[in-house]
Amino acid sequence: MTSAPLLIGLPEAGWRTYDIERRMHELLAADPSLEVGWPDTLWPVLPDKPLSAARTAMAQFAHLNGFVRPTSLQVIETELLAMVRDLLGIPDEGGLTLTVGGTESNFLAVKGALFRSRERGLGGRPNMVIAATAHPSFDKAAEELGIEVRRIPADAEFRADVAAMSDAIDAQTILLAASTPNYTHGTLDPVEEIAAIADERDIWFHIDACVGGCLLPTLKRITGAPWTTPFQFPGVTSVSADLHKFGFTPTGISTLSVKSADLIRHHSFRISVDDSWPFRPYARTGFTGSRSGAVLAGAWATLVALGQDGYEEIAHSILEGADAFASGIAQIEGIELVAPHECGVIVFTSVDEKVPVDQLASALEAGGWPAMLAVKPDRLQFLLSPLGRPMYESFVAAIATAVERIRAGESIASAGLNTYGG
Ligand SMILES: Cc1ncc(COP(=O)(O)O)c(C=O)c1O
């Protein structure tokens, strides 16, 4: 909170630009700073180069709405789609839709599965079978669309339990989902095995790659690990991948891709004048109406500024950070990684009852470091950013100090900075 009083309504006289800028600087200055960690564990931090490219593009396209597009924005969108196809490895026959976030992308996949099942004449109450670790956006879509959710406990490695998921399928199952990786533990679900079941039973299979979609292909390439793009598995129907997480674009843009472009019909909407809207035919792909021209241009500028080399540099930096983090954690007595690093997410916990994880979160927050507390069981979860090895070494040192302080009996009140969806 800053010293200036909060605005409680529209100012009577509009402010001068100078005063607006001063107020924004003051607000931002009160946020946690990169010098002592990173400001946000929810999204990876944008590196300087794409951030400044995106800022310029957003300022230049701030007046445009992606709903009524002049040629400039049409070109931006066409080129953005082409670049995203490359980045994600979407085949020529596949369809790609830009959305405002992972929640919309997952919603459109669920809607696609539902509408396809209706097209096939499936009656009764539909259900979806997902792992317990799947994102709540699936439940949200299910609530909107009247679908039963069957959440199946994950296995001992926090991956979707394929056999248990298979057992939960019945004639009303319209969707299976996997996460690459899941947000809760950062582990990759066994996509190939679930795809085989989906293929055999002819069920829509959606991969939620909102977190890892833009990172995993590059991570695999630079480490020389075998990599199969999702649509190479016959059973995969759709994939969501957020540009605004490990694509490093400004917030407000994600993608839904489908294995064949004709499936886009399930998330396309059209009303004609004959349907009695007395205006003009109205058609949209995806859920939203207006779209920010600034966000589209910001995403375009990010991808152009980074190029393949930029994404590779980022992936190298994330791997370095993960390595520094994991090896540092291993040296702190009583602290353990919950799972090995797989794709940009690190989760650790305390196995020492004298060091409760919530106290550790409070101690880190009090020092200005990020701490996303996850529960059942308590652990700390982080999305890695390409901040370089020294930053992660400092962070590990801060964790070690916090552990010592708690072990010494200090009680630290929570600064209450980081919550996810609370
Ligand atoms: C795995 C996963 N899927 C979907 C989402 C939803 O994305 P958004 O918040 O962009 O709507 C998230 C967000 O963290 C996520 O981690």
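First listed ligand is number 1; within each ligand, the first listed atom is number 1. A quick note: this is a predicted structure, and the numbers were derived from the prediction, not measured.
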Q.
On a heavy-atom basis, I'd like to know which of H244, H135, K140 is closest to atom 5 (C) of ligand 1.
A. H135
(Q) Which option wins on minimum heavy-atom distance to atom 11 (O) of ligand 1: L243, T103, T133? (A) T103
Looking at every heavy atom in both [X] and [Y], which two are closest together, and how far apart are they?
X: V211; Y: C343; answer: CG1-O, 4.4 Å
X: A241; Y: G213; answer: CB-CA, 3.9 Å
X: I318; Y: G344; answer: CG2-CA, 4.4 Å

Q: Using distance alone, with no hydrogens and no angle criterion, decide if N182 and T187 have a side-chain donor and acceptor under 3.5 Å apart.
A: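 Per modelled atom types, N182 and T187 side chains form a pair under 3.5 Å.
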Under 4.0 Å from any heavy atom of [X], which atoms of ligand 1 are there?
X: G102; answer: 6 (C), 7 (O), 8 (P), 10 (O), 11 (O)
X: N106; answer: 3 (N), 4 (C)
X: D242; answer: 7 (O), 10 (O)
X: Y183; answer: 14 (O), 16 (O)
X: G101; answer: 10 (O), 11 (O)
X: C210; answer: 2 (C), 3 (N), 4 (C)

Q: Can you label the angle between the F382 ring and the F325 ring as parallel, tilted or perpendicular, going by 30° and 60°?
A: tilted
(Q) If the threshold is 4.0 Å, N to carboxylate O, is there a salt bridge linking D48 and R55? (A) no
Q.
Taking distance alone, with N or O pairs closer than 3.5 Å, would you say S137 contacts ligand 1?
A. no
**Q.** For ligand 1, the portion of N182 having any non-hydrogen atom under 4.0 Å away
**A.** neither
(Q) Show every side-chain hydrogen bond (donor to acceptor under 3.5 Å, both in side chains) that has at least one partner inside residues 211-228, sequence neighbours left out. (A)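 Passing the test, one end in residues 211-228: R221-E312.
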